[in-house]
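Structure record follows, encoded as structure tokens.
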Amino acid sequence: MLIFSPTTIRSVNPQPLPYLSFFHSISLPLPLTSLPTPSKSPHFPSFHINCIDAAQPFDYESHLKNRYIQSTSLKIAIIGFGNFGQFLSKTFLRHHTLLAHSRTNYADLANHLGVSFYADPHDLFEQHPDVVLLSTSILSTETLLQKLPFQRLRRNTLFVDVLSVKEFPRNLFLKYLPPDFDILCTHPMFGPESGKTSWAGLPFVYDKVRIGDEESRIKRCDKFLDIFEKEGCRMVEMSCMEHDKYAAGSQFVTHTMGRVLEKFGLESSPINTKGYETLLNLVENTKGDSFDLYYGLFMYNQNALEQLERLDMAFESIKKDLFGRLHQVYRKQLFGDNNGEVEKKRSLAQQLLGNGSLTEPPLDNVRQDGS
């Protein structure tokens, strides 16, 4: 807005404007008929123009804050916005921009959480996310990868998976992803139940399968891992092969025992012990996971079958120990205490001993017996 006012030119040294001030004054000499003539005035009349709203003060604080957020945040696209994807997004949203795609329409739920939902993966990939995170079921991973429009992404996009097995998605990524894409295989070894209050101390396993040498690509990978490290996770870097070996002996066995106890019908009682409460918690944690997840742990981890056979052998061994002990009890009831008879014979032999040697029978009796 410009304000015009008649004034005169003054020979005044201008004061320095305050820092970041955008208020301007312009004096223009211009004769006016309505004002005194120059002969009557020592100075020519002029218009004084004040520019009030020509520019607003520049908010450096907000600008620097936005630049900091942009430098530390990632645009993450979650494919598979089911139970686990929603669980992760609630933490990711604190510092990052989230996009999502899923076979099921979660548009309303995503909008409520602050996530941009795209029903079409083409539209999702045209947003050029920094990271594409696969949070699908193990069984559907290969079919999904065969259908994704990789050509709409930037050539060095980072792909991450959070599946419970690692060699299987690693091999699929290497098979289907373009060679310029980065690959990070991860496994947050917790879920909506075990991590609902905090992630502190919970293990997070990762393997940098293929990360480019450029500094920007290395930093992008580190930014993603920082999400879990800042939440207090116990960061464990190991190969996908090592992970599957250890996971078969821990995660698969845990899920198996939880499902066995669920089939058994474990129920709470008024006299629960601490150990029994632990078993109840195990059932509670595992029964929330789908059978597809459990089947995937078995089908796509080559070590799982060995663990299942070992469990079966251990159970049979315990049964043999129990029934073997029971067999001895039945024998005592049917045939008497053989151990007691042996002790009686030993006692009789001690009575026959004389001064440490066995008493010799009469010679005549020996001859008579021999005849």
Side-chain angles (χ1 to χ4, degrees), residues 76 78-92 131 133-139 141 158-173 183-209 221-222 224-262 278-304 306-308 311:
I76 303 174
I78 299 178
I79 298 181
F81 202 59
N83 190 31
F84 194 71
Q86 296 168 25
F87 165 69
L88 292 177
S89 68
K90 294 174 183 177
T91 299
F92 288 3
V131 179
L133 185 143
L134 264 62
S135 182
T136 60
S137 68
I138 301 173
L139 305 181
T141 303
L158 172 62
F159 264 72
V160 181
D161 85 282
V162 289
L163 303 187
S164 299
V165 293
K166 291 274 68 70
E167 282 197 281
F168 176 66
R170 173 188 178 274
N171 294 336
L172 290 181
F173 279 168
I183 299 173
L184 176 66
C185 290
T186 74
H187 182 195
M189 301 195 70
F190 50 90
E193 287 298 322
S194 55
K196 60 184 176 182
T197 56
S198 173
W199 296 1
L202 299 177
F204 178 85
V205 181
Y206 65 96
D207 183 10
K208 298 178 181 179
V209 178
C221 179
D222 292 340
F224 182 83
L225 294 175
D226 282 346
I227 299 174
F228 298 89
E229 188 170 2
K230 290 178 179 178
E231 292 296 322
C233 290
R234 180 163 55 88
M235 308 297 287
V236 182
E237 183 173 7
M238 67 170 56
S239 69
C240 294
M241 182 182 296
E242 288 179 296
H243 167 275
D244 284 1
K245 178 182 177 181
Y246 290 123
S250 59
Q251 189 182 28
F252 178 73
V253 171
T254 300
H255 277 261
T256 299
M257 296 309 300
R259 290 188 175 274
V260 168
L261 293 174
E262 182 183 6
T278 302
L279 295 180
L280 290 173
N281 291 333
L282 173 61
V283 174
E284 187 67 24
N285 287 336
T286 55
K287 74 177 183 180
D289 295 320
S290 66
F291 187 80
D292 283 349
L293 170 63
Y294 178 61
Y295 178 72
L297 293 175
F298 170 74
M299 184 68 180
Y300 296 103
N301 188 336
Q302 61 182 355
N303 304 285
E306 177 187 352
Q307 297 299 322
L308 193 62
L311 280 174

Checking D222 now: which residues fulfil salt bridge (charged side-chain N to carboxylate O under 4.0 Å, His left out) with it, not counting sequence neighbours?
K208
Aromatic rings H187 and H243: how do their planes relate, parallel, tilted or perpendicular, breaks at 30° and 60°?
perpendicular
Contacts of S239 that satisfy side chain to side chain donor-acceptor pair (under 3.5 Å) - sequence neighbours left out
E242
Which residues satisfy the salt bridge (charged side-chain N to carboxylate O under 4.0 Å, His left out) test with E231, sequence neighbours excluded?
R94
Can you sort out the partners of E306 under salt bridge (charged side-chain N to carboxylate O under 4.0 Å, His left out), two or more places apart, ordered by chain and number?
none
Pairs under 3.5 angstrom only: tabulate donor-acceptor contacts from the side chains of residues 189-202 to other protein residues two or more places apart or in another chain.
{"unit_1": "S194", "atom_1": "OG", "unit_2": "G191", "atom_2": "N", "d": "3.0"}
{"unit_1": "S198", "atom_1": "OG", "unit_2": "A200", "atom_2": "N", "d": "3.0"}
{"unit_1": "W199", "atom_1": "NE1", "unit_2": "G195", "atom_2": "O", "d": "3.4"}

What residues form a side chain to side chain donor-acceptor pair (under 3.5 Å) with Y300, not counting sequence neighbours?
none
Hey, are the side chains of L282 and L261 touching, using non-hydrogen atoms and a 4.5 Å cut-off?
yes
Qualifying residues under ring-ring contact (aromatic ring centres under 6.0 Å, His included), relative to F204, sequence neighbours excluded
F228
Which residues pass the side chain to side chain donor-acceptor pair (under 3.5 Å) test with T286, sequence neighbours left out?
none
Could you go through residues 82-89 and list every donor-acceptor pair under 3.5 Å that involves a side-chain atom there, pairing it with any protein atom two or more places apart or in another chain?
{"unit_1": "Q86", "atom_1": "NE2", "unit_2": "F81", "atom_2": "O", "d": "3.0"}
{"unit_1": "Q86", "atom_1": "NE2", "unit_2": "G82", "atom_2": "O", "d": "3.4"}
{"unit_1": "S89", "atom_1": "OG", "unit_2": "Q86", "atom_2": "O", "d": "2.7"}

Could you tell me which residues satisfy ring-ring contact (aromatic ring centres under 6.0 Å, His included) with Y206, sequence neighbours excluded, listed by chain and number?
none
N303 meets the side chain to side chain donor-acceptor pair (under 3.5 Å) criterion, sequence neighbours left out, with N301
Are side-chain heavy atoms of V160 and L134 found at a separation under 4.5 Å?
no
Can you tell me which residue pairs pass the salt bridge (Lys or Arg N to Asp or Glu O under 4.0 Å) test with a partner in residues 289-303, sequence neighbours excluded?
none
